[in-house]
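Remember, predicted model here, so these are calculated numbers, not experimental data.
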Amino acid sequence: MLIIPIKDGENIDRALKRYKRKFDKTGTVRQLRARQAFIKPSVTNRMKFQKAAYIQNMRDKLES
């Protein structure tokens with residue numbers, strides 16, 4: 001459970017913004033979406049390698 005202490009005289013919008021930021025950092029929504037369907041470990045490894053190759057390719061293009 002997330003606890004957001006609100007200071008005296010603090011704007012509610014600011015507190016809500018802090019809550020949303022803290023909620024995003026916990027990664028609950030990402031975790032729920034990942035659990036909706038089972039992905040085989042071999043597929044996740046393949047996606048990791050593809051992502052790493054893509055990032056390396058982008059970095060090589062920037063250096064050239």
Side-chain angles (χ1 to χ4, degrees):
M1 178 157 73
L2 295 175
I3 298 173
I4 308 295
I6 299 177
K7 300 169 188 160
D8 291 336
E10 184 180 15
N11 191 357
I12 191 71
D13 293 329
R14 192 174 219 30
L16 189 60
K17 192 173 187 178
R18 282 191 320 171
Y19 171 76
K20 287 180 181 179
R21 193 177 317 127
K22 203 172 196 182
F23 183 75
D24 285 340
K25 285 185 180 180
T26 59
T28 15
V29 176
R30 277 182 266 133
Q31 188 179 29
L32 285 173
R33 286 184 182 154
R35 288 184 181 186
Q36 283 181 347
F38 177 75
I39 301 173
K40 295 193 318 186
S42 61
V43 175
T44 55
N45 288 338
R46 190 178 322 132
M47 289 186 336
K48 279 184 192 177
F49 284 125
Q50 287 175 343
K51 185 177 178 180
Y54 174 77
I55 291 172
Q56 187 63 41
N57 192 12
M58 295 297 286
R59 286 185 179 155
D60 289 345
K61 283 182 182 179
L62 286 176
E63 288 178 1
S64 302

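Contact between S64 and D60 at its shortest, heavy atoms only, is OG-O, 3.0 Å.
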Audit row: E10, R18, side chain to side chain contact (heavy atoms under 4.5 Å, CB included) steps and yes/no:
CA-CA 12 Å; E10 184 180 15; R18 282 191 320 171; 3.6 Å; yes
Quick one, I55 with R59, criterion side chain to side chain contact (heavy atoms under 4.5 Å, CB included). Give me CA distance, side-chain angles, the key distance, then yes/no.
CA-CA 6 Å; I55 291 172; R59 286 185 179 155; 3.8 Å; yes
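At least one side-chain heavy atom of V43 sits less than 4.5 Å from a side-chain heavy atom of K40.
Note that NZ of K17 is 9.5 Å distant from CG of D13, once rounded to the nearest 0.5 Å.
The hydrophobic cluster containing L32 does not contain L2, counting ILVMFWY residues as joined when their side-chain heavy atoms lie under 4.5 angstrom apart, directly or transitively. A single hydrophobic cluster is seen to contain both F23 and I4, as judged by linkage of ILVMFWY side chains at heavy-atom distances under 4.5 Å, directly or through other members.
Remark: the backbone N or O of D24 is paired with a side-chain donor or acceptor of R30 at under 3.5 angstrom.
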